[in-house]
*Asks:* 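Quick one: the structure is below, questions incoming.
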Amino acid sequence: YLSFLSVFARDVLKIGPEGLGILMASSGFGAVVGSIYVATRKQQPSGKQFIAAGIVYGFLIAAFAIAPNLLWAVPLLVLAGFLGSAYVSLVNSSIQHQITDETRGRVMSIYMLTWGFTPIGAIVIGELASRYGISETIAAAAILGNVLLAVQYLLSPAMREL
């Protein structure tokens, strides 16, 4: 969704470049607070908590995608920035706690593919958005992410045992 904030500012919310700055700052503020939150935690969340956080994040993104105006969009982006940053940081630290020193480099290299594939996903989302609309596409992608997280939890004994 972050790759398409400019489209939301211009075409959906009609708030122009100044509004885009507000959207980006809202998400960034939430991300900073989420990172600080993770840095102050003393224990790792359980698998259920990971999945719940991921699903709430998906719903926040879907809600942002259909937000009718800036007054709705800003708090949703703050919350999404917070949860997204916290979630990614907690997943990263959880992976590092569970792998051996011998495999850490390889596992983290695979984990970093997440960031490398993001622009490819943006191409797909952009194509779908040109056909169906950006709000509908982002909301549907967020809900699909929720479904995939739920399936992962149901099919992965390792996730349930965290």
Side-chain angles (χ1 to χ4, degrees), residues 1-96 111-153 159:
Y1 72 99
L2 291 174
S3 300
F4 297 97
L5 284 183
S6 61
V7 178
F8 279 98
R10 184 189 67 214
D11 298 341
V12 177
L13 299 171
K14 300 186 186 324
I15 53 177
E18 296 83 8
L20 173 60
I22 292 169
L23 295 178
M24 293 180 76
S26 300
S27 180
F29 174 75
V32 168
V33 174
S35 296
I36 292 169
Y37 168 74
V38 170
T40 61
R41 283 187 58 93
K42 297 199 186 310
Q43 66 182 26
Q44 286 290 110
S46 69
K48 284 181 185 178
Q49 291 170 324
F50 271 128
I51 298 300
I55 288 174
V56 170
Y57 177 66
F59 282 128
L60 287 169
I61 299 305
F64 162 74
I66 62 171
N69 57 47
L70 189 62
L71 292 176
W72 281 95
V74 166
L76 290 167
L77 283 176
V78 169
L79 291 171
F82 173 90
L83 203 50
S85 176
Y87 184 78
V88 168
S89 298
L90 288 168
V91 167
N92 187 335
S93 65
S94 178
I95 288 170
Q96 292 199 39
Y111 175 75
M112 291 307 295
L113 286 173
T114 302
W115 310 115
F117 283 125
T118 299
I120 296 168
I123 292 170
V124 173
I125 294 292
E127 178 59 30
L128 291 171
S130 70
R131 293 179 187 202
Y132 304 107
I134 190 66
S135 295
E136 295 81 356
T137 302
I138 295 296
I143 299 303
L144 176 61
N146 282 355
V147 170
L148 293 173
L149 274 172
V151 168
Q152 176 189 3
Y153 183 76
M159 178 60 73

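Everything numeric here is computed off the predicted structure, so don't read it as measured data.
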*Asks:* Which pair of heavy atoms, one from P119 and one from G116, lies closest together, and at what distance?
*Replies:* CD-O, 3.3 Å
*Asks:* Show your working on side chain to side chain contact (heavy atoms under 4.5 Å, CB included) between L79 and F64 and close with a plain yes or no.
*Replies:* CA-CA 10 Å; L79 291 171; F64 162 74; over 6 Å; no
*Asks:* Within the side chain of S85, is there an N or O that forms a donor-acceptor pair under 3.5 Å with the backbone of F82?
*Replies:* no
*Asks:* From the options V7, I143, I125, L128, select the one residue that forms a side-chain contact (heavy atoms from CB on, under 4.5 Å) with I138.
*Replies:* I125
*Asks:* What's the shortest heavy-atom distance between V38 and S89, and which atoms?
*Replies:* CG1-CB, 3.8 Å
*Asks:* Would you say the side-chain atoms of T114 pair up with the backbone N or O of Y111, donor to acceptor, closer than 3.5 Å?
*Replies:* yes
*Asks:* Indicate yes or no: at least one non-hydrogen side-chain atom of Y37 is less than 4.5 angstrom from one of V33.
*Replies:* no
*Asks:* Which value, rounded to the nearest 0.5 Å, describes the distance between I134 atom CD1 and R10 atom CZ?
*Replies:* 10.0 Å
*Asks:* With distance as the sole test, does N69 use its side chain to make a donor-acceptor pair with the main-chain N or O of W72 at under 3.5 Å?
*Replies:* yes
*Asks:* Taking C-beta and beyond as the side chain, do L2 and T118 meet within less than 4.5 Å on heavy atoms?
*Replies:* no
*Asks:* Distance check, rounded to the nearest 0.5 Å: S135 atom OG versus D11 atom CG?
*Replies:* 9.5 Å
*Asks:* Restricting to non-hydrogen atoms, name the atom on A53 and the atom on L83 that form the minimum distance, rounded to 0.1 Å.
*Replies:* O-CD2, 3.3 Å
*Asks:* Please round to the nearest 0.5 Å and tell me the distance separating atom CD1 of I61 and atom CD1 of I66.
*Replies:* 12.0 Å
*Asks:* How many angstroms lie between CG in N146 and CZ in F59, if you round to the nearest 0.5 Å?
*Replies:* 5.0 Å
*Asks:* How far apart are the closest heavy atoms of A62 and A142, and which atoms are they?
*Replies:* N-CB, 3.8 Å
*Asks:* Short question: side chain of S26, backbone of I22 - any donor-acceptor pair under 3.5 Å?
*Replies:* yes
*Asks:* Report yes or no: does S130 contribute a side-chain atom to a donor-acceptor pair with the main-chain N or O of E127 at less than 3.5 Å?
*Replies:* yes
*Asks:* I need the L23 CG to F8 CZ distance, nearest 0.5 Å.
*Replies:* 9.5 Å
*Asks:* Tell me, do V88 and W115 make a side-chain contact under 4.5 Å, heavy atoms counted?
*Replies:* yes
*Asks:* Mind listing the closest non-hydrogen atom pair of L13 and A73 along with its distance?
*Replies:* CD1-CB, 4.0 Å
*Asks:* Restricting to non-hydrogen atoms, name the atom on A67 and the atom on L76 that form the minimum distance, rounded to 0.1 Å.
*Replies:* CB-CD1, 4.3 Å
*Asks:* Any side-chain heavy-atom pair from V56 and Y87 closer than 4.5 angstrom?
*Replies:* no
*Asks:* State the CG-CD distance between L90 and Q49, to the nearest 0.5 angstrom.
*Replies:* 9.5 Å
